[in-house]
Amino acid sequence: MQMFTSVLVLSIVFAVFVITDINSYKERKVKSVKSIAQVVGTNSISTLQFQDEDAAKEILSELHNVAPEIINAAILDKNGNLFASYNRPGSDTFIIPSNKNVGSSTFHDHSLLVNNPIVNENEIIGNVFLNVELNELQQIKKSKYEITAVLLIVALGFSFLIGAAVQPYISKRLLRLLKTMNEVTESGDYSKKISDDGKDEISVLIKVYNNLMLQVRKNQQKKDEFIGIASHEFKTPLTSIKGYLDLLDLMENDEGKKQLVGKAQRNVNKLEVLIKDLLDVSKIQSGQLELNMQRFNIDELIKETIAAFQMLSPTHHLILKNTSGEAFVYADKQRIEQVLINLLSNAIKYSPGEKEVIISYEKNDTDMIIKITDFGIGIAEEERLNIFERFYRTKDISVHISGFGLGLYICRDIIKRHNGKIWVETQGKGSSFYFTLPLKTKEPVLQQKV
Ligand code: ADP
């Protein structure tokens with residue numbers, strides 16, 4: 001683009017210079033030929049008056065010495081009849097043009113034709129035609145074009161070199177900005193800043209990006225604070241409502257009223273789960289999610305959790321396949337149970353109309369690998385990473401199936417803090433969630449702000 005602009009501007013500038021130069025040469029040439037015609041005319045006055053053709057021819061033949069570039073010359077009397085003429089040796093005979101505009105000058109391809117009046121005592125008594133060769137103009141044109149072409153090539157070269165030197169600097173910074181923006185979009189980590197101390201438009205763009213990220217972080221912080229405070233404040237009244245409902249349930253004997261209390265209890269339980277999740281999110285955000293590490297047999301925990309969960313889930317059959325046998329891990333038992341419950345309830349929630357959820361786990365030298373498979377709606381490939389982000393729900397389900405998009409975010413954090421991994425795969429119908437836990441009694445990673 002830069003090269004194109006430079007070449008365009010230079011071409012216009014050179015074209016203006018060349019045209020002006022050629023025009024000024026033409027003006028000078030016309031002036032000088034006219035002054036020769038003037039002299040010839042003045043000298044021919046008496047020859048015209050006395051009809052002395054020989055003398056007129058003599059005057060014209062002198063032109064051969066004075067101005068050898070004159071190819072043809074002619075003197076016409078006041079009636080326009082040829083009085084005397086001259087043709088440079090070797091040149092064609094001069095044909096007087098029919099259009100005899102006195103005082104005119106006409107440029108042809110290689111010649112200039114001047115028609116100058118012969119004036120005596122304010123009366124035109126004839127006119128002089130001079131046809132002049134313009135080889136010099138052709139040469140001037142040729143050399144100007146050559147110089148222009150050379151200068152253009154040089155300018156093009158310079159422009160290319162400057163462009164090549166500046167381009168990487170500009171594109172490197174733009175690409176860095178683009179890469180960081182993509183990373184931020186993918187990871188949701190708005191703490192990424194870009195340092196740049198330039199003063200150009202790209203620096204302004206980078207500053208705007210940094211300010212925008214700062215603003216996003218501030219807003220996020222406010223939102224996290226609000227979630228933390230709100231969920232904390234909800235917890236006490238909710239515990240109290242739950243207590244009163246349990247009491248009511250015990251005290252009430254009327255079946256109809258008992259059913260209403262049961263409905264209220266179920267909804268309060270839902271609310272309790274949500275508030276617990278929000279509190280966990282708030283703890284994760286502030287780095288306060290604590291782990292109570294202990295050594296326990298995970299084989300036992302999985303079996304117990306499945307058994308308890310099966311009682312609450314009449315719609316699906318939880319099938320245990322391929323167990324590992326006794327396997328000890330060093331982990332937070334309650335939190336691992338929370339992960340299991342979350343994945344199991346998702347497997348049931350997102351496979352409506354299906355009958356089975358399959359659980360299997362095996363150990364290798366270093367890890368315990370747990371897999372929970374359902375045959376439900378599955379997850380599109382492009383969404384498999386996003387579902388572990390907080391508040392993320394896949395596009396098509398959010399309307400049909402209730403949820404807040406917090407469970408997997410919490411699971412991922414818990415597993416990460418245990419030095420494990422969590423991921424999802426899809427095989428034909430439904431999806432399989434996996435997570436790993438190290439079998440070695442490693443210390444968990446230190447609490448860190450996520
Ligand atoms: P919630 O279920 O409350 O929306 P989660 O964090 O547990 O929140 O899940 C996040 C999103 O991941 C869900 O909204 C859903 O779109 C998708 N998802 C989770 N588990 C499954 C599953 N087993 N099958 C299909 N989609 C799932």
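Counting convention: from 1, in listed order, for ligands and their atoms alike.
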In terms of the angle between their ring planes, are F388 and F433 parallel, tilted or perpendicular, with boundaries placed at 30° and 60°?
perpendicular
Which option out of N386, L343, I379 puts a heavy atom nearest to atom 26 (N) of ligand 1?
I379
Can you report which non-hydrogen protein atom sits closest to [atom], along with the distance?
| atom | result |
| --- | --- |
| atom 7 (O) of ligand 1 | N346 ND2, 2.8 Å |
| atom 17 (C) of ligand 1 | I387 CG2, 3.9 Å |
| atom 4 (O) of ligand 1 | R393 NE, 2.6 Å |
| atom 3 (O) of ligand 1 | F404 N, 2.9 Å |
| atom 10 (C) of ligand 1 | Y392 O, 3.4 Å |
| atom 6 (O) of ligand 1 | L408 N, 2.8 Å |
| atom 21 (C) of ligand 1 | Y350 CD1, 3.4 Å |

Contact check, [X] vs ligand 1, heavy-atom distance below 4.0 Å:
| X | result |
| --- | --- |
| F433 | yes |
| G376 | no |
| R390 | no |

What I want to know is whether [X] and ligand 1 share at least one N or O pair that is separated by under 3.5 angstrom.
| X | value |
| --- | --- |
| G403 | no |
| G407 | yes |
| Y409 | no |

Between S313 and Q310, is there a donor-acceptor pair closer than 3.5 Å when you use the side chain of the first and the backbone of the second?
no
Is the backbone of N292 close enough, under 3.5 Å, to the side chain of D332 for a donor and an acceptor to pair up by distance?
yes
Under 4.0 Å, heavy atoms only, figure out whether ligand 1 is touched by the backbone of D374, its side chain, both or neither.
side chain
Quickly, which of D280, T305, D277 forms a side-chain hydrogen bond (donor to acceptor under 3.5 Å, both in side chains) with Q338? Name it, please.
D280
Do L271 and N267 touch side chain to side chain, with heavy atoms closer than 4.5 Å?
no
Is the shortest heavy-atom distance from the side chain of D189 to the side chain of V184 under 4.5 Å?
no
Identify which one of V33, V132, N131 satisfies the side-chain contact (heavy atoms from CB on, under 4.5 Å) criterion when paired with I70.
V132
Can you list the ligand 1 atoms lying under 4.0 Å from a non-hydrogen atom of [X]?
| X | answer |
| --- | --- |
| S431 | 22 (C), 23 (N), 24 (N) |
| N342 | 7 (O) |
| G378 | 25 (C) |
| I377 | 25 (C) |
| K349 | 1 (P), 2 (O), 3 (O) |
| T394 | 15 (C), 16 (O) |
| L406 | 6 (O), 8 (O) |

Taking the cut-offs as 6.0 angstrom to the six-membered ring centre and 45 degrees off its axis, would you call R295 and F328 a cation-pi pair?
yes
Could you name each residue pair satisfying side chain to side chain donor-acceptor pair (under 3.5 Å) that touches residues 339-355, not counting sequence neighbours?
H316-S351, Y350-R393, E354-K429
Salt bridge (Lys or Arg N to Asp or Glu O under 4.0 Å) between E183 and K179, worked out:
CA-CA 6 Å; E183 280 171 8; K179 191 171 158 242; 3.7 Å; yes
Note: D196-R176 ion pair, threshold 4.0 Å (strictly below)
yes
Ion pair check, D367 and K421, cut-off under 4.0 Å
no
Show, in sequence, the C-alpha distance, side-chain angles and deciding distance for S203 and D200, and conclude whether the side-chain hydrogen bond (donor to acceptor under 3.5 Å, both in side chains) test is met.
CA-CA 5 Å; S203 301; D200 56 4; 3.0 Å; yes
